[in-house]
Number of protein chains: 2
Amino acid sequence: MQGRQVSTTDHSDIAATAASARGEETRDRILRAALTIFGKDGFERATTRKIAEAAEVNLPAIKYYFESKEGLYLACARSIVGVYERGVGETVVSIAQQAVDGLSPEAARASLKTVVRLLVELIEASPGANLWTGFVLREMTVPGPAFEILYNELWAPGVELTAMLIAQIEGRPVADEDARLTALLLHGGMTAFSTTWPVSRKYLGWTENPKRLTETMLPILEAQIDRLGR
Amino acid sequence: MQGRQVSTTDHSDIAATAASARGEETRDRILRAALTIFGKDGFERATTRKIAEAAEVNLPAIKYYFESKEGLYLACARSIVGVYERGVGETVVSIAQQAVDGLSPEAARASLKTVVRLLVELIEASPGANLWTGFVLREMTVPGPAFEILYNELWAPGVELTAMLIAQIEGRPVADEDARLTALLLHGGMTAFSTTWPVSRKYLGWTENPKRLTETMLPILEAQIDRLGR
DNA sequence: GTCGGACTATAACAGTTGATACACAACTGC
DNA sequence: GCAGTTGTGTATCAACTGTTATAGTCCGAC
């Protein structure tokens with residue numbers, strides 16, 4: 001007894017091989033359901049019963065796999081960070097390296113567009129398109145159990161890279177206060193735009209229009225980036 | 001019995017004059033406490049007991065004055081809209097009228113700066129500086145009981161006016177899709193920037209710096225506006 | 001004074017929440 | 001087979017939620 005827990009360094013007993021394949025699948029199902037429901041409702045509003053029902057498991061399975069509701073929430077945050085790192089990590093690190101070495105304004109502009117495009121595509125790839133941003137924005141607004149991990153692994157590095165690129169677009173070598181604030185406004189805009197996307201569609205009168213978030217937001221963001229440093 | 005309710009047209013019995021002065025004060029205290037706690041925690045997470053404690057009243061007072069938790073929430077939304085209309089309504093209506101008649105790009109730019117400044121100052125004037133935006137942004141993200149009133153009275157008119165002014169800055173007479181999307185991004189940025197302000201301060205390393213939200217955000221927003229139409 | 005309505009306090013309700021004790025099933029290695 | 005681990009299901013707990021019945025206090029009016 002004791003379940004699989006959060007499995008930080010879970011390679012304790014190597015014997016757990018094929019037998020646990022079904023359990024792994026169940027764990028994944030719970031995690032996916034939790035991401036959806038936490039993303040939509042937030043930590044407090046979401047109930048373990050709703051999650052268990054959506055995952056088609058019974059209530060104690062959550063304790064079994066994640067120890068507690070909070071453990072499940074943290075696992076969701078780690079999952080988001082993981083997808084981010086596997087999806088865009090490599091490119092972002094390489095751009096960050098180039099930025100540290102110094103880029104021309106136009107190269108920095110192109111890099112910033114790349115970063116923004118990767119981020120937007122990542123957001124779009126999440127189930128419901130705006131669940132991850134809701135998750136992250138909520139945690140930045142009212143810091144909860146997952147604040148530290150999301151801030152340190154996602155928010156701060158993302159904003160800092162953006163700030164660095166903005167500074168270089170404007171001809172300054174390193175990120176300063178002004179560039180950081182502009183970056184915060186840009187990221188805030190992206191995040192809020194994503195989370196309020198359903199409302200924005202209504203505002204625009206796109207009741208039937210199946211236009212996706214990416215193809216709507218990306219041109220606007222790129223126009224914004226094009227205006228920088230001019 | 002039956003309390004004061006939400007008082008839409010509460011002039012039923014004129015006899016309720018000086019006697020109810022104390023009650024009116026209590027009602028206000030509850031409303032202010034609710035704004036603070038709803039703004040910070042959202043509808044679900046906030047509990048009537050927390051609100052009653054913060055307002056230094058007992059639990060049934062909430063039912064007495066606002067009928068229910070939802071009634072109190074709606075009263076909060078109405079209060080926000082009321083402060084907005086009393087504070088900036090007149091100016092905004094006049095600018096909207098000018099915009100409908102048509103403005104030069106530079107006049108539109110100045111008007112947009114005025115609108116943004118009024119909004120930011122209004123946000124700053126709210127207790128805790130970021131409670132109102134939290135309240136509104138949450139409601140736009142996960143529509144709840146107060147969605148309709150906040151969307152119709154605040155969000156949609158605000159974005160539409162901004163879109164109109166952006167269009168005219170860029171030399172087009174009326175708000176089109178592009179202007180609306182840019183306006184949405186701008187408003188999203190403002191709102192998210194405000195709600196995540198405490199985190200942003202941390203990110204900027206301003207642990208002691210007492211710089212206010214207004215004086216930080218306004219120059220960045222104005223720089224953004226200055227870049228439009230160039 | 002004392003009556004009546006405006007207001008406040010106590011105590012309790014039914015429902016829901018996160019968590020868990022405990023028994024049961026499934027599967028693997030021997 | 002069968003022992004032991006891994007995973008699942010049932011039933012229940014204590015805590016907390018929004019709400020409310022009920023009784024009390026205050027205070028001006030007559």
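Letters A, B, ... mirror the listed sequences (proteins, then strands); counts begin at 1. Since the model is a prediction, treat every value here as computed from it, not as a measurement. Values below: every heavy atom of this structure, side chains too, minus hydrogens, waters and symmetry copies.
What separates CD of E53(B) from P of dG18(D) is a distance of 13 Å, to the nearest Å. Taking atom CD1 of residue I30(A) and atom C1' of nucleotide dG7(D), one finds them 11 Å apart after rounding to whole Å. In this structure, Y64(B) atom OH and dT19(D) atom P are separated by 18 Å, rounded to whole Å. Computed from coordinates, the R29(B) CZ to dT8(C) C1' distance equals 11 Å when rounded to whole Å. A straight line from CD1 of I37(B) to P of dT17(D) spans 12 Å, rounded to a whole angstrom.
With respect to E53(B) and R49(B), no salt bridge is recorded, no charged nitrogen being found less than 4.0 Å from a carboxylate O.
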Show the numbers, then the answer: is there a side-chain contact (heavy atoms from CB on, under 4.5 Å) between E139(B) and W155(B)?
-> CA-CA 10 Å; E139(B) 206 66 17; W155(B) 189 260; over 6 Å; no
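Distances from the side chain of N58(A) to the nucleotides dT10(D), dC7(C), dG7(D) place dT10(D) closest.
Remark: T26(A) is in phosphate contact with dT8(D), judged by side-chain N or O atoms under 4.0 Å from OP1 or OP2. Taking 4.0 angstrom as the limit, Y65(A) places none of its side-chain polar atoms (N or O) nearer than this to OP1 or OP2 of dT6(D).
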How does protein contact run along nucleotides 16-21 of chain C, one letter per nucleotide 5' to 3', with B for base contact, S for sugar-phosphate only, - for none, heavy atoms under 4.0 Å?
-> -BBBBB
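Surrounding CD of E90(B) are at most 12 heavy atoms belonging to other residues, nucleotides or ligands under 6.0 Å away.
With K40(A) contributing its side chain and G134(A) its backbone, the two residues share no donor-acceptor pair below 3.5 Å. A donor-acceptor pair under 3.5 Å is formed between the side chain of R201(A) and the backbone N or O of W206(A).
Using a 4.5 Å heavy-atom cutoff, the side chains of L204(B) and K211(B) are not in contact.
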